[in-house]
Amino acid sequence: MALVRTVTDAGVTTMTLDSPANRNALSTPLMRELLDALAEALTDASVRAVVLSHTGPVFCSGADLKETAEARATGRVPAEMLADVLAALWEFPKPVVARVGGPARAGGLGLIAAADIAVCTTEATFAFSEVRLGVIPAVISATVLPRLAPRAAAELYLTGDVFDGRRAAEIGLVTAAVPATDLDAAVSRYCDSLVRGGPLALAGAKQLLRRTPKESVRADLAELSERSGGYFRSAEGREGVAAFREKRDAAWIPRQ
């Protein structure tokens, strides 16, 4: 039985974590299926954006602790494989939107932070619960710490306290927190906007968000100017400018 279900519509692939019996815990089988789904979406030109969603009341409870206990003496624990998943999400060249309709803990927060845009319900709860288990939020720090306000990160990493959707938005873990009845509409609005961007331009914009500036402003501007010119001269850039001037949709926008 699939632990990650995928459906594609109007250029958006929704990847749904479907393991509600263990609160969508990050087991090795689930993570393998998620990696496979991302690899398939990467090579499918019709996929313009990805939504990471879930079944059941919990978005993701973090690492599968039962599997972790069994694996400690025999091999790689699930938390180590999570590094591969977070890297795949963080480096994914197409926009990723996290749809968070319920609680997330530990590794689940790493998934949310790895997404480009994250929308949760105001009622959703979150916690970096690792210290209360005698471990640390090491792997997820790669995606979480670039998002969080430093003081909030220190407080929540060290206390393990639970916080709600509104606080998650205030500290940068999520993009927006909305009432549960508005969650799907909010995600749809973001997706509708994302698919209007050129595929190559979206990938390039994501690279800009991840890049490290050069030491000198002039060197930085020289590199960025060269990048900008390349996009304006590209076939996609020429089509985008022509569509704007002709007041029509660009050729890459999915037809409904």
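Under the 3.5 Å distance criterion, the side-chain polar atoms of Glu123 are left unmatched by any main-chain donor or acceptor of Pro179. The closest donor-acceptor contact from the side chain of Glu239 to the backbone of Ala250 lies at 3.5 Å or more, if one exists at all. Remark: the backbone N or O of Leu221 is not paired with any side-chain donor or acceptor of Lys214 at under 3.5 angstrom. Proximity of a side-chain donor or acceptor of Trp252 to a complementary backbone N or O of Pro199 within less than 3.5 Å is not detected.
Within the model, atoms CG of Asp64 and CG of Leu30 stand 9.0 Å from one another, a figure rounded to the nearest 0.5 Å. Here the CZ atom belonging to Arg32 is positioned 13.0 Å from the CG atom belonging to Leu34, to the nearest 0.5 angstrom. The structure places CG of Leu86 at 10.5 Å from CD of Glu91, a figure rounded to the nearest 0.5 Å. For the atom pair Asp36 CG and Met15 CE, the distance stands at 10.0 Å (nearest 0.5 Å). Here Cys120 contributes atom SG and Leu173 contributes atom CG; the two are 7.5 Å apart, rounded to the nearest 0.5 Å. The CZ atom of Arg248 sits 9.5 Å away from the CD1 atom of Ile253 when rounded to the nearest 0.5 Å.
The stretch residues 170-213 participates, sequence neighbours left out, in no ring pair (Phe, Tyr, Trp, His ring centres under 6.0 Å) pair at all. For residues 193-241, there are no ring pair (Phe, Tyr, Trp, His ring centres under 6.0 Å) pairs, not counting sequence neighbours. Counting only residues at least two apart or on different chains, no ring pair (Phe, Tyr, Trp, His ring centres under 6.0 Å) pair has a member in residues 10-30. Residue pairs meeting the ring pair (Phe, Tyr, Trp, His ring centres under 6.0 Å) criterion with at least one partner in residues 1-59, sequence neighbours excluded, are His54-Phe59. Sorted by first and then second residue, the side chain to side chain donor-acceptor pair (under 3.5 Å) pairs involving residues 133-149 (not counting sequence neighbours) are Ser141-Tyr157.
By the 6.0 Å contact criterion, CD on Glu40 is open, its count of non-hydrogen atoms from other residues, nucleotides or ligands being 12 or less. Surrounding CD of Glu246 are more than 12 heavy atoms belonging to other residues, nucleotides or ligands, all under 6.0 Å away.
Inter-residue side-chain proximity for Val47 and Lys94 is flagged as met; some heavy-atom pair is nearer than 4.5 Å. Side-chain contact between Leu3 and Leu17 is absent, with no heavy atoms from C-beta onward closer than 4.5 Å. By the 4.5 Å heavy-atom criterion applied to side chains, Leu26 and Cys60 are counted as neighbours. Contact check for Val174 versus Val119: no side-chain heavy atoms found under the 4.5 Å cut-off. Residues Val162 and Phe126 fail the side-chain proximity criterion, which asks for heavy atoms closer than 4.5 Å. Between Leu200 and Ser234 the shortest side-chain heavy-atom distance does not fall below 4.5 Å.
One finds a salt bridge joining Arg211 and Asp220 here, because a Lys/Arg side-chain nitrogen approaches an Asp/Glu carboxylate oxygen to under 4.0 Å. Between Arg227 and Glu223, at least one side-chain N (NZ, or NE/NH1/NH2) sits under 4.0 Å from a carboxylate O, which counts as a salt bridge.
Residues forming a side chain to side chain donor-acceptor pair (under 3.5 Å) with Arg238 (at least two apart in sequence, or on another chain): none. With sequence neighbours left out, the side chain to side chain donor-acceptor pair (under 3.5 Å) criterion links Glu155 to Arg167. For Glu226, the side chain to side chain donor-acceptor pair (under 3.5 Å) criterion is met by no residue, not counting sequence neighbours. Annotation: salt bridge (Lys or Arg N to Asp or Glu O under 4.0 Å) contacts of Arg5 (sequence neighbours excluded): Asp18. When the side chain to side chain donor-acceptor pair (under 3.5 Å) test is applied to Gln207, no partner is found at least two apart in sequence or on another chain.
The side chain to side chain donor-acceptor pair (under 3.5 Å) test with Thr8 is passed by exactly one of Asp44, Thr13, Thr14: Thr13.
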Which atom pairs, donor and acceptor, lie under 3.5 Å between side-chain atoms of residues 128-137 and protein residues at least two apart or in another chain?
residue, atom, partner, partner atom, Å
Arg132, NE, Thr159, O, 3.0
Arg132, NH2, Thr159, O, 2.9
Arg132, NH2, Asp161, OD1, 2.7

Give every donor-acceptor pair under 3.5 Å between a side-chain atom in residues 96-118 and any protein atom, sequence neighbours left out.
residue, atom, partner, partner atom, Å
Arg99, NE, Asp184, OD1, 2.6
Arg99, NH1, Ser53, OG, 3.1
Arg99, NH2, Asp184, OD1, 3.3
Arg105, NH1, Thr125, O, 3.0
Arg105, NH1, Thr125, OG1, 3.3
Arg105, NH2, Thr125, OG1, 3.2
Asp116, OD1, Lys206, NZ, 3.4
Asp116, OD1, Arg210, NH2, 3.1
Asp116, OD2, Val96, N, 2.8
Asp116, OD2, Lys206, NZ, 2.8

